[in-house]
Amino acid sequence: MIVCPVCQHRNPEGAKTCEACGASLEGFFYRACPVCGALNPAEAVFCRRCLAELIPSEAPEEPLPPTEAEAPSEETASTAPPTEKEETPETTEEEITEEPSVEEEILPKPEHPPVPVPNPLEGLEELLPLEAAVALPHRAEPRQVHFPDETERRDAELFQQIATEPAPLREQARVLGTPRTRALSPIGRLILYILVLLIAIVPYFSGGFTASWITPREDVTTLLQSLNSLPQGATVLLAFDYDPAYAGEMNPLALDITRQLAQRSVHIVALSTQPAGIGLAEQVLRQLSDQVPAYRYGQSYAILGYLPGQEAGLRTLNSSLGDAFKEDYLQRRSLGELPVTRGLATLADFEQIILFADDETTVRRWIEQIQSRNPEIPLHALVTARIAPMLVPYRQSGQLSTLLPGTPGAIELEAAMGRRSFLTWTSDAYTALFFSLLFIAVISNVLYLSSTRRVR
Amino acid sequence: MKKTLPLIVAILCGVLSLADFIIPNPQLDALGAVLVEGVTILAAFALLLGLLNILGTHVHRVATGEGSRGLSLSLILAMLITMAVGIAFPHSGTLRWIFRYLYVPLQSTMTALLAFFVVSAAYRAFRLRNIEALILLVTSLLVLFTQLPFVGAISPSLAIIRDWLMRVPVTAATRGLILGIALGTIATSLRILLAVDRPYTGE
């Protein structure tokens, strides 16, 4: 099918002039796909939209022999008397087709018959019809205007109404809100909450029932060995990167570590990349100073302050300590004036880095910005039990020298150090929590199964 | 120009920072240090901006009567008192008292409430409705049990199970997450460096 460039009329294959307007179709570029109707260049073999074959398979050159009934023999044709139709030759189809059309008479006939252009894909079989899709440039299709009927118009109006009209607040709440499921009666909830309270106060009257069974894990032993290997007068960098929300879990651990360092006369320099963390550092180190009076601010320990900028701040710290902090936090003295920070220029001047954190992103930041550039300085991560599993890959890769989870780590550290304090007794609370959850699971399932049977 | 200039500055800063990270060169180091210092100053300003934003929001609430006016008023008063004490007497006992006896306990209390929610949720989550619930129950109790500080004393094999759980399934899942985060970070960085995403122009 060839489309007329003037009136868009679709003419049959092989037409030379348009049937509708009479315009010449010689050398016209477009060929309509018989399957999907898309316009394709005249030389295209396959439709660029649906990849259907555009050039129809060649018709047999010789027509099929007519049947005896249809084709009269030459004799009958010559001898038979003419019928009424034959007497009026203008109306017969054969003669109409045989007569040259007006256009053919007007248009000059080519002197030489057209030379057939060989198809490059001719003779090739089992090929994917990609030639048309790959070789031909994209051409815009003629725009087809579609006028919506009444149903479509109503649908469109309804859609617009739904899409643009704000629903009233109550209706939104009704649609979006999930139905309230009453899982637990108020009495049941009260019993559970009393159970939690009992778990919390267990250590106050249990007297460290399980404390004697505590066995420190491997990382606890490694950390303790690492701290004990520090020479007297060495300096350790402590980062208090946790929120006061986790002070209950992290402060005892931080106090244990700093106490161990103080007992070995190791200097501490503290900082925080969280605004509130510096207050916690001050709290812990003041508590330490009260417990170990010889451990004084400026002489044995110092607080540098809050380091803003997250990654950028740590990069600055990595390049120079003086660029990150001009003066200390408590006394506002330059780092050169304080005996404990005098001579500290870069991170390489610290023997170890101990990081207290409540967020895996913070630990990752320290690994990326500090540990990767100073792999020779051991980095210990003492974190909340919540995030400890997320950091195990860094421990396995060796980027973290040790990894300890909050309270369990503190309990095991105290056990390893041979200390018995109230913190060790919290091991009893852990035990109580486990058995309480076991009890809850049993009760929950008994009630659930009994209610299911009753329904049946 | 209004769009082109931020684009050029952003791409230049990004490329220079990247080059500073990868190439050991004193000039690049100095340039990178300047850029990083700029980021630190901007971050400090962002903190101040956040403070002013909270203050503005609650002042507006008090003025218009939106939401709970009393709570907004308490927040503004607490904020102003803490700021005044912190600026006037940064290392005074009063500020330390506010931090130690107000801020830390309040924050810790909020976190401690999680214990009640967890126990309440455990009551529902541990019901054996299907096979998945059974797996959840068994795994939860096993992990909880192996985390007990004295589990090694009960049986050394329990400590081995605890370590195996951490080293194999937990690490596998976490590594997948970390790799995903890293790939996402690379893609985001490239998009910003190539100006496909332009968050700094609000696009």
Side-chain angles (χ1 to χ4, degrees), chain A residues 183-184 188-189 192-193 195-196 199-200 210-211 213-215 217-218 243-248 275-276 279-280 282-283 307-313 315-316 319-320 323 330 364 385 389-393 396 405 408 411-412 415 427 430-431 433-434 436-438 440-441 443-445 448-449, chain B residues 21 29 32-33 35-44 46-47 90-91 95-96 99-100 103-108 110-112 115-116 119-120 122-129 137 140-141 144-145 147-154 156 159 162-163 166-167 170-171 173-175 177-178 181:
Chain A
L184 203 58
R189 191 173 292 121
L192 281 185
Y193 288 175
L195 197 65
V196 174
I199 293 167
T210 58
W213 299 339
I214 295 168
T215 46
R217 63 189 77 192
E218 191 186 338
D243 196 78
Y246 296 97
L280 293 167
E282 189 185 352
Q283 190 180 334
L307 182 66
Q310 299 182 344
E311 281 90 352
R315 280 192 70 178
T316 310
S319 58
S320 166
D323 286 348
L330 283 183
R364 199 178 301 138
M390 294 293 291
L391 299 168
V392 175
Q396 286 195 335
I411 293 170
E412 292 175 30
S427 168
Y430 270 84
T431 314
L433 176 69
F434 169 74
S436 301
L437 284 174
L438 191 65
I440 288 169
I443 294 292
S444 166
N445 282 297
Y448 174 67
L449 292 173
Chain B
F21 194 82
D29 284 350
L35 288 173
V36 165
E37 202 172 338
V39 173
T40 311
I41 292 166
L42 281 176
L47 204 67
H91 302 295
L95 189 67
R96 217 174 297 135
F99 184 79
R100 189 167 184 177
Y103 187 56
V104 175
L106 282 172
Q107 287 272 57
S108 300
M110 290 301 291
T111 311
F116 294 95
V119 170
S120 183
Y123 179 81
R124 277 191 288 175
F126 285 166
R127 282 181 194 165
L128 298 175
R129 290 191 188 87
L137 174 65
S140 307
L141 291 177
L144 269 172
F145 186 62
Q147 290 299 318
L148 292 176
F150 54 84
V151 75
I154 297 170
R162 175 186 65 193
D163 292 343
M166 283 293 163
R167 279 181 189 150
V170 172
T171 306
T174 314
R175 279 211 173 116
L177 281 173
I178 293 169
I181 292 167

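Every chain is numbered from 1 and lettered A, B, ... according to where its sequence line falls, protein lines coming before strand lines. We use all heavy atoms of the structure for the numbers below, so side chains are in, but hydrogens, waters and symmetry mates are not.
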- Message: A side-chain contact here means heavy atoms from C-beta on lying under 4.5 Å apart; do A:Asn445 and B:Leu137 qualify?
- Response: yes
- Item | When B:Gly152, B:Ser108, B:Ala173, B:Ala122 are compared by non-hydrogen pairs under 4.5 Å with chain A, the top option | B:Ser108
- Task: Answer with side chain, backbone, both or neither: which region of B:Met110 has an atom nearer than 4.5 Å to a non-hydrogen atom of chain A?
- Result: neither
- Task: Using non-hydrogen atoms and a 4.5 Å limit, figure out which bit of A:Tyr430 sits close to chain B: side chain, backbone, both or neither.
- Result: both
- Message: Need one label for B:Leu177: side chain, backbone, both or neither, based on atoms under 4.5 Å from any heavy atom in chain A.
- Response: side chain
- 4.5 Å side-chain heavy-atom contact, A:Thr215 and B:Phe150: no
- One option among B:Ala43, B:Pro149, B:Gly32 has the most heavy-atom pairs under 4.5 Å with chain A, and it is B:Pro149
- Query: Judged by atom type as modelled, is there a donor-acceptor pair below 3.5 Å linking the side chain of A:Ser444 to the main-chain atoms of B:Phe126?
  - Reply: no
- Using a cut-off of under 4.5 Å on heavy-atom pairs, state which of A:Leu330, A:Thr431, A:Val392, A:Ile443 scores highest against chain B. A:Leu330
- Non-hydrogen atoms of chain B under 4.5 Å away: do they reach the side chain of A:Leu195, the backbone, both or neither? neither
- Picking from A:Pro408, A:Pro244, A:Ser436, which has the most non-hydrogen pairs under 4.5 angstrom with chain B? A:Pro244
- Item | Most contacts with chain A, counted as non-hydrogen pairs under 4.5 angstrom, among B:Leu128, B:Leu144, B:Val39, B:Ile41 | B:Leu128
- Message: Would you say that B:Arg129 contacts A:Tyr448 through its side chain, given a criterion of any heavy-atom pair below 4.5 Å between the two side chains?
- Response: yes
- Is it true that A:Glu218 and B:Arg162 have a side-chain N and a carboxylate O under 4.0 angstrom from each other? no
- Item | Contacting moiety of A:Ala415, where chain B heavy atoms sit under 4.5 Å | neither
- Non-hydrogen atoms of chain B under 4.5 Å away: do they reach the side chain of A:Asp323, the backbone, both or neither? neither
- Highest number of heavy-atom pairs under 4.5 Å with chain A among B:Leu148, B:Val170, B:Leu106 belongs to B:Leu148
- Query: If you tally heavy-atom pairs under 4.5 Å against chain B, which of A:Leu391, A:Ile411, A:Thr210 wins?
  - Reply: A:Thr210
- Looking at CD of A:Glu282 and CZ of B:Phe99, how far apart are the two atoms once the value is rounded to the nearest 0.5 Å? 8.5 Å
